Amino acid sequence: MLRTSYQIFRCFNRRGLLWKQSPRYLTEDEKKDIPAVGKYRSPWKMFRKEIKDYFDENITPIEPEIPLETEALIIGGGAIGSSVAFWLKQRNPKGFRVTVIERDPGYTQASSMLAVGGIRHQFSVPENVQLSMFTSVFLRNIREYLSVLDSDPPDVQFNHQGYLFLVPEERAEYLSQSVEMQTNLGAKIRLMNRQMLAQKFPWLNLDGIALGSYGMEGEGWFDPWLLVRALKAKNISMGVQYVKGEVVDFDLKEVGLPGKKDLFLDSTVIKNPEGQLFKCRMSYVVNCAGPWAGQIARMAGIGVRKEEGLSTPLPVEPRKRFVYVVHCPDGPGLETPLTIDTTGVYFRREGLGGYYLCGASPNSEEEEPDTSNLDVDYDFYEKHVWPALAYRVPKFEVSKLKSAWAGFYDYNTFDQNLVIGPHPYHKNMVFANGLSGHGIQHAIPIGRALMELLIDGEYKTINLSRFEFPRLVDNEPIQEVAIV
Ligand SMILES: Cc1cc2nc3c(=O)[nH]c(=O)nc-3n(C[C@H](O)[C@H](O)[C@H](O)COP(=O)(O)OP(=O)(O)OC[C@H]3O[C@@H](n4cnc5c(N)ncnc54)[C@H](O)[C@@H]3O)c2cc1C
């Protein structure tokens with residue numbers, strides 16, 4: 001009886017809230033890109049149907065619905081969005097409503113699912129080293145962070161085989177300096193001369209290599225899908241609401257005194273799977289849309305409107321990258337690190353059956369592949385990846401290409417680095433974007449950093465303030481050299 005009353009109360013309560021919500025239809029102009037705009041859902045009819053279903057004992061909760069309001073509205077439920085939700089919710093389980101809007105819960109195109117899953121402490125920017133180092137600690141203790149009562153403890157299959165960067169003579173000094181900085185921060189990286197390389201990795205052809213740097217602890221790779229799955233399960237258990245829907249617009253309100261009016265992001269316009277549009281008011285909207293983060297920023301007028309403070313765009317766009325799966329039963333063994341050749345071609349072991357993943361980024365802007373689809377360019381493998389692979393590891397000469405996939409990097413065209421924190425004008429739009437191929441390994445600490453910023457008002461653990469949006473306005477890039 002108590003349960004029945006509670007459910008009926010919830011029906012009333014939910015519908016009562018819905019009653020106040022009048023879906024905001026876009027103007028004709030705005031609508032033209034939206035295929036089918038659904039009908040207005042009469043709250044009364046929905047309420048009657050729900051009551052009828054209930055008495056027919058047919059009730060299926062229609063949650064998660066698009067809420068009318070939320071404290072944190074996170075756009076994108078990939079690794080970064082799910083991490084932000086995790087840290088916010090675990091810090092304040094009761095007092096903070098956290099909603100994740102994800103248009104594609106199967107994650108068919110999300111970077112997080114298509115990543116290679118590498119984690120390394122070998123970056124040229126100190127904060128990037130610190131971010132990865134925290135991820136290693138988190139992954140080692142993942143059961144403490146992400147276990148859910150009555151479920152199997154999470155396991156992301158962390159392979160601790162390390163990274164191996166190989167450089168020619170002209171880059172040896174840069175590598176030595178980088179390694180010095182990394183070790184000063186506590187990373188366990190070892191510089192290796194040719195003799196040491198030959199001893200430890202006898203399968204390497206050392207022609208053209210002057211120096212290598214090898215990560216002895218905390219580096220390797222893990223399964224990105226298992227990480228997102230574990231984060232999502234934990235989040236749902238804590239009360240984070242994952243809603244299927246697509247953010248299509250923002251509602252901008254004018255605030256301030258006459259003559260000095262500012263625009264304020266009042267609510268987010270979300271299209272549900274039926275094509276209906278709803279508005280959700282939020283205290284903060286966190287842009288975790290990965291490769292599509294630039295589009296989300298444009299919806300808020302960032303880089304589009306002429307107002308002072310809005311003219312600088314968020315320079316994040318999709319850049320297609322291919323991952324090739326090759327079979328080489330006689331290839332390098334179990335202890336093989338994720339190896340990055342002087343040419344930028346990388347490979348790592350995949351499982352235990354003689355399979356390897358490999359790939360490379362294009363050498364120039366002109367060679368960037370078309371991003372209108374996720375088709376794989378097999379010529380790129382033949383012409384660029386395989387020759388470098390077979391030269392560096394002669395055993396790969398007899399490897400066989402088995403399959404391949406493509407995914408989008410969340411590429412920051414400005415400096416290939418993270419953009420974090422609030423927008424200087426739309427202070428309630430917060431970024432966690434532009435990781436340019438290292439976002440899986442940084443998702444966890446970025447979520448923690450945003451939690452600190454939103455709840456404590458400052459970064460408490462790793463100071464990421466120089467990665468905020470003003471560096472784009474002031475044209476002060478923080479170039480990450482070690483982009484793979
Ligand atoms: C081939 C490849 C290899 C990689 N290898 C590595 C690696 O080895 N190590 C590493 O650290 N990183 C790697 N990365 C990069 C890493 O995958 C990304 O940096 C990271 O996954 C970004 O996470 P995200 O959550 O921001 O983005 P995503 O995982 O792309 O999630 C964004 C989500 O936002 C959703 N979304 C977008 N727009 C909207 C909207 N309007 N409304 C609602 N939802 C929306 C999308 O559906 C998507 O699910 C690789 C990437 C690729 C493509």
Side-chain angles (χ1 to χ4, degrees), residues 33 66 73-85 99-120 123 128 131-132 135 163 219-225 227-228 231-232 242-250 268-273 285-300 316 318-324 338 340 346 348 357-361 369 371 374 376 404-412 416-420 431-447 482-484:
D33 291 330
I66 295 164
L73 187 137
I74 296 169
I75 305 173
I80 295 185
S82 292
S83 165
V84 174
T99 307
V100 179
I101 308 289
E102 171 54 61
R103 65 179 173 196
D104 173 22
Y107 299 108
T108 52
Q109 298 209 334
S111 298
S112 299
M113 301 308 149
L114 300 166
V116 170
I119 169 168
R120 58 185 156 111
F123 282 94
N128 285 338
L131 291 169
S132 286
T135 305
Y163 262 64
E219 290 193 341
W221 57 90
F222 58 91
D223 187 327
W225 162 235
L227 177 65
V228 177
L231 280 167
K232 199 168 168 180
Y242 277 77
V243 177
K244 183 172 180 184
E246 179 172 9
V247 169
V248 291
D249 200 1
F250 292 99
T268 303
V269 183
I270 301 161
K271 185 165 62 147
N272 75 4
V285 56
V286 191
N287 184 347
C288 298
W292 303 276
Q295 276 176 20
I296 298 290
R298 283 195 291 280
M299 286 178 201
V316 177
R319 293 270 173 112
K320 190 156 72 171
R321 297 292 179 263
F322 311 109
V323 181
Y324 303 96
L338 197 157
I340 294 129
Y346 70 85
R348 75 153 165 88
L357 301 186
C358 57
S361 287
T371 51
L374 278 176
V376 172
W405 74 83
F408 294 124
Y409 268 17
D410 41 348
Y411 197 84
N412 174 350
Q416 292 84 60
N417 242 323
L418 165 71
V419 180
I420 195 168
F431 302 108
N433 308 115
L435 276 299
S436 310
H438 47 277
I440 274 291
Q441 62 196 287
H442 288 172
I444 294 294
I446 285 171
I483 291 290
V484 178

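Indexing begins at 1, ligand by ligand and atom by atom, following the structure's order. Everything numeric here is computed off the predicted structure, so don't read it as measured data.
Set against the non-hydrogen atoms of Ile101, the atoms of ligand 1 under 4.0 Å away are 43 (C), 44 (N). Each of the atoms 33 (C), 34 (O), 35 (C) of ligand 1 lies under 4.0 Å from some heavy atom of Gly76. Taking every non-hydrogen atom of Tyr409 and a distance limit under 4.0 Å, the qualifying atoms of ligand 1 come out as 2 (C), 3 (C), 4 (C), 50 (C), 51 (C), 52 (C), 53 (C). Near Pro291, the atoms of ligand 1 lying under 4.0 angstrom from a non-hydrogen atom of the residue are 30 (O). Against a heavy-atom cut-off of under 4.0 Å, Gly78 is close to the following atoms of ligand 1: 25 (O), 29 (O), 31 (O). Ligand 1 places these atoms under 4.0 Å from at least one heavy atom of Val323: 1 (C). Applying the 4.0 Å criterion to heavy atoms of His438 picks out, from ligand 1, the atoms 10 (C), 11 (O), 12 (N). Taking every heavy atom of Gln441 and a limit of under 4.0 angstrom, the matching atoms of ligand 1 come to 9 (N), 10 (C), 11 (O).
Remark: minimum distance from atom 25 (O) of ligand 1 to any protein heavy atom is reached at Ile80 N, 3.0 Å. Protein heavy atom at the shortest distance from atom 50 (C) of ligand 1 is Ala115 CB, 3.5 Å. Here the heavy atom of the protein found nearest to atom 29 (O) of ligand 1 is Ser112 OG, 2.5 Å. Given atom 16 (C) of ligand 1, the protein heavy atom at minimum distance is Ile440 N, 3.7 Å. In terms of protein heavy-atom proximity, atom 9 (N) of ligand 1 is closest to Gly118 O, 3.0 Å. Of the protein's non-hydrogen atoms, the one nearest atom 27 (O) of ligand 1 is Gly290 CA, 3.3 Å. The closest protein non-hydrogen atom to atom 6 (C) of ligand 1 is Gly437 O, 3.6 Å. At the top of the distance list for atom 48 (C) of ligand 1, counting protein heavy atoms only, stands Glu102 OE1, 3.5 Å.
Rounding to the nearest 0.5 Å places CD1 of Ile80 at 7.5 Å from CG of Leu418. With values rounded to the nearest 0.5 angstrom, Arg348 atom CZ is found 12.0 Å from Ile340 atom CD1. Distance check: Leu357 CG to Tyr324 OH gives 12.5 Å after rounding to the nearest 0.5 Å. Between the CD atom of Gln441 and the CG atom of Asn128 there is a distance of 8.5 Å, given to the nearest 0.5 Å.
At least one N or O atom of Ala79 sits closer than 3.5 Å to an N or O atom of ligand 1. At least one N or O atom of Val247 sits closer than 3.5 Å to an N or O atom of ligand 1. Residue contacts with ligand 1: Arg321 is placed with no nitrogen or oxygen under 3.5 Å of a nitrogen or oxygen of the ligand (distance criterion only). Residue-to-ligand polar distances keep Leu114 apart from ligand 1: every N/O pair is separated by 3.5 Å or more. The shortest N or O to N or O distance between Ser436 and ligand 1 is not under 3.5 Å. For a threshold of 3.5 Å applied to N or O pairs, the pair formed by Ser111 and ligand 1 contains at least one separation below that value. At a 3.5 angstrom cut-off on N or O pairs, Gly117 counts as close to ligand 1.
Summarising the geometry of Arg321 relative to Ala360, their closest heavy-atom pair is CD-O, 4.3 Å, with the distance given to 0.1 Å. Here the closest heavy-atom approach between residue Ser436 and residue Asn412 is recorded as OG-N, 2.9 Å.
Contact annotation for Asn433 and ligand 1: no heavy atom of the residue comes within less than 4.0 Å of the ligand. The backbone of Phe408, and not its side chain, has at least one atom closer than 4.0 Å to an atom of ligand 1 (non-hydrogen atoms only; backbone = N, CA, C, O). With a heavy-atom cut-off of 4.0 Å, Pro224 does not touch ligand 1 at all.
When side chains are defined from C-beta on, Met113 counts as touching Val228, because their heavy atoms get closer than 4.5 Å. When side chains are defined from C-beta on, Ile270 does not count as touching Val248, because their heavy atoms never get closer than 4.5 Å. Side-chain contact between Val243 and Glu102 is absent, with no heavy-atom pair separated by less than 4.5 Å. Between Thr371 and Phe408, the closest side-chain pair of non-hydrogen atoms falls below 4.5 Å. Counting heavy atoms from C-beta outward, Val323 and Tyr346 have side chains that approach closer than 4.5 Å.
Judged as a salt bridge (Lys or Arg N to Asp or Glu O under 4.0 Å), and not counting sequence neighbours, the contacts of Arg319 are Glu317, Glu365, Glu368.
Judged by the shortest distance from any of its heavy atoms, Ser83 lies outside the 4.0 Å radius around the atoms of ligand 1.
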Enumerate donor-acceptor pairs with a distance under 3.5 Å from any side-chain N or O in residues 287-298 to protein atoms, sequence neighbours excluded.
{"unit_1": "Asn287", "atom_1": "OD1", "unit_2": "Ala289", "atom_2": "N", "d": "3.2"}
{"unit_1": "Asn287", "atom_1": "ND2", "unit_2": "Ala293", "atom_2": "O", "d": "3.1"}

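Using a 3.5 Å distance cut-off with no hydrogens or angles, the side chains of Ser132 and His442 do pair a donor with an acceptor. In summary, the side chains of Tyr242 and Ser82 do present a donor paired with an acceptor at a separation below 3.5 Å, with no hydrogens or angles considered.
Each of Tyr409, Tyr411, Phe123 was compared with His438 under the ring pair (Phe, Tyr, Trp, His ring centres under 6.0 Å) criterion, and only Phe123 meets it.
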